[in-house]
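Notes follow once the structure below has been shown.
The analysis underlying the following values was restricted to heavy atoms, covering all of them including side chains, and did not include hydrogens, waters or symmetry mates. Atoms within each ligand, like the ligands themselves, are counted from 1 in listed order.
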Amino acid sequence: MCGIVAYTGPKKAYPILIKGLQRLEYRGYDSAGVALLDGDIKTYKRKGKVSELVSYAEGQDTDGSTGIGHTRWATHGKPDNINAHPHRSGDGDLVLVHNGIIENYSVLKEALKKQGHTFKSETDTEVLVHLIEEIKKQGNLPLEEVVRVALTKVTGAYAIVVLDKTEPNKIVAARKQSPLVIGIGEGEYFVASDATPIVEHTKHVVYLGDGEIATIEKGEELQIKTISDNEIQLPFVQKLDMEIEQLEKGGYDYFMLKEIHEQPKTIADCMRGRLSAEGGWVKLGGIQEQLNRFVSANRIIIVACGTSWHSGLIAEYLFEELARIPVEVEYASEFRYRNPVIDHNDVVLAISQSGETADTLAALELAKDRGALTYGIVNSVGSSIARLTDAGSYIHAGPEIGVASTKAFTGQVTLLTLMALSLAEKKGKIEKEYFNRLITELENIPAKVEEVMKLNDQIQYIASEMKDAPNALYLGRGYNFPVALEGALKLKEISYLHAEGYPAAEMKHGPIALIDENMPVIITCTNKSAYEKIISNIQEVKARKGVVIAIITEDDEEIRKIADYVIAIPDTEEPLTPLLSVIPLQLLSYHIAVMRGCNVDQPRNLAKSVTVE
Ligand code: G6P
C-alpha cells in the first residue's frame, strides 16, 4: 500500500528511482512522484501510473544523485497531481514521502494552521512535513533529530523518507508498522518498501525495525536509533536471497500468468527438505522448536485476510481432520476489534503472503499480549509478521507481483498440509499407512499441477463463453468450499465481474433464487465424499436453467454427462484436492479478465500489500 524508494550515492538518482517505483507499483498505482536534490529540490508528480510520471518528466531536468520516489494508493485525498507524493514543507526546504496513515493528522493540522502553516493537499502526509518544518524552526538540530522529535508527536502507521536541502546527501528514514528496507552498496544507499528495487544494485540489506529511524549519508556509516531515542549499536546486515529474474515477466504477458505457471516449482520448493515419501517423514523446522506448545494447545486460531484467509479455511479442514486440533479461522480485522477470548493455551497462526498486512499484524500483537504462541506462515522473507511471531515457516514461493495471489495461495496450502501432517503424527492421530499415502501423493502434486496447466486452451474457451455474464456463482463442498471462495475472489478482483462463493449445500438457502440461464455456476466436484450430494446440487442448478461448469476428476463419467462444460483434472487424495482444483479457477479468471480488457496485474482500487487498516 504505497511504495517508497530513495537513493543517495555517486549515480544519477532519477533512473534508479523510476525503476524502483515500477517494481513497487504493485503496492499502489493511482499516482506517482519523485523529488531530486541537486542544490535545490525538484519535484515531479503525476496522477496515474509511473509511466505517466515518466512521460511528464521527459525533457525536464532530472539531475541529482540523491532523491526519493513514491507510488500511491490513496487513503486521504483523491488521486491527483496535488495529493501525489512527495510533499514539501512551506519553506520548500524539506520534502517527504510516506506510506501509512497519520491518525492524529487533523489535530496536528489545526495546530499547525494556527502557527501560520498553509496546506496545498488533502493528505495526512503533508501535515507531517509541516510538523517537521515547525520543529526544525524551533532549534538548531540535525535533520534526523528533528524528524525523530516530530514522530514522537504522531500516532498512526508510517514508513517515511525525508530530504532537507540544507543537509544535502542525507536521507532520514523511519518506520512504524509499515516496512522499509535499506540497501547498502559501494558508497551508495537505497531505501525501499521492499527489497525488489534494491536487489539489482546490492544484496546487502538492513530491515529497519519497527519504531526505528535511520540516518543515511553518502560516504558515512549507516546510523540507526529508536524513535524513543535509544542507540542501536550494530545494524544487522542480511544477504538477500532473491534474483532479478524473479522480478521480471520472463516472456509472459502478465506476472499473474507467470506466477500461475510457476506453481509446480513453487509447490516443490515449499516441500523441499521438509518431507520424504521414501523416508516416511515430514519435518518443519519452525514447528519442531515449538512442538510441545502446539501439541498441548487447546486450539489453533488462524488470522489472515483475503486469499490468505481462504488458505486458513482449508487449514481448518486439514488440522481438524488429520490432527484433531480444534481450529478457528478469523478475519484479522474482526478478531482484533472484538476482544477475543484467548490465552497462553492457544496458538495463533498468521497467514500472509506479504507479511505486512496491517490487520494481521495488529491481530498478532493482540495475541502476543495475551500470551498465545504466535506462528507465521509467510512468503516475504524478513517481513514484519515474520519478525514479530515467536516462530514460523516461509513458503518459499519467491516474490509474488501480480496483485491477485496465486502461487502464494498454493504455497500456503502446501505448507499448512505439511504442518497438519506433522502435528497429526506427533499427536498419534493418523495411521501410518494413510500418512505415507498422503506424503507420497504430496510429492506427486507438482507433476499433477503441470498436467492441469495443459488444460489452458479448454479453460480459455470456457472463459470466452463466460466473459459477458454479469454474475457467477462458485460452489464447492468440504475442502472445495474454500476453493469456491477463492475462485470467486479471483474473478471479482481482476475482471470486475460480480461473483459469490458458497458451500454447495447452502445454495438452496438463498443464491438459488439468482439462478437462471444467464448465471454460470462453477462447481468444484473433485471430492469423493459427498459426491452424490454434489450431483444433486448440479441437478438443482440445471433444473433452473443455470449453466454448469464442473471441475471434475478425469475418471468422472457421471458429471460429464450432466454438466454443460467440464474441466477434468487428475485425481488425488481428498485433503490435497485444493492444490489441483484451484488452478483451473485461477486460469479461468485470468482469461476472462484479459478478454474483458482488464489490467490483470494491477486491478483498479486494489493493492498487493495492505499496510493500512
Ligand atoms: C490484499 C491482496 C490479496 C491478499 C490480501 C492479504 O488484499 O490484494 O491478494 O490476499 O491483501 O495479503 P497478505 O499479504 O496478508 O496475504
Q) In the protein, which heavy atom is nearest to atom 7 (O) of ligand 1, and how far is it? A) Val610 CG2, 4.0 Å
**Q.** Output field: ring centroids Tyr207/Phe236 closer than 6.0 Å
**A.** no
Q.
With rounding to the nearest 0.5 angstrom, report the OG1 to CD distance, Thr406 to Glu486.
A. 9.0 Å
Q.
Please report whether ligand 1 has a polar contact with Thr357, defined as an N or O pair separated by less than 3.5 Å (distance criterion only).
A. yes
Q | cation_pi(Arg604, Tyr496) dist<6.0 Å, angle<=45 | A | yes
**Q.** Atom indices of ligand 1, in the order listed, that fall short of 4.0 Å to a heavy atom of Ser308
**A.** 10 (O), 13 (P), 16 (O)
Q. Just which atoms of ligand 1 are under 4.0 Å from any heavy atom in Thr307?
A. 10 (O)
Q.
With the threshold set at under 4.0 angstrom, would you say Ala404 reaches ligand 1 through any of its heavy atoms?
A. no
Q) When rounded to the nearest 0.5 angstrom, what is the spacing between CD1 in Ile260 and CZ in Phe409? A) 12.5 Å
(Q) Could you tell me, atom by atom, which parts of ligand 1 come under 4.0 Å of a heavy atom of Ser352? (A) 13 (P), 14 (O), 15 (O), 16 (O)
Q | Residues Arg370, Asp343: salt bridge by 4.0 Å N-O rule | A | no
Q. At a 4.0 Å threshold, what atoms of ligand 1 neighbour a non-hydrogen atom of Val403?
A. 8 (O), 9 (O)
Q | Close aromatic pair by centroid cut-off 6.0 Å: Phe190 and His201 | A | yes
Q: Tell me which protein heavy atom sits closest to atom 8 (O) of ligand 1, plus the residue, atom name and distance to 0.1 Å.
A: Ala607 O, 3.0 Å
Q) Tell me, which protein residue and heavy-atom name are nearest atom 5 (C) of ligand 1, and how many Å apart are they? A) Cys305 O, 4.0 Å
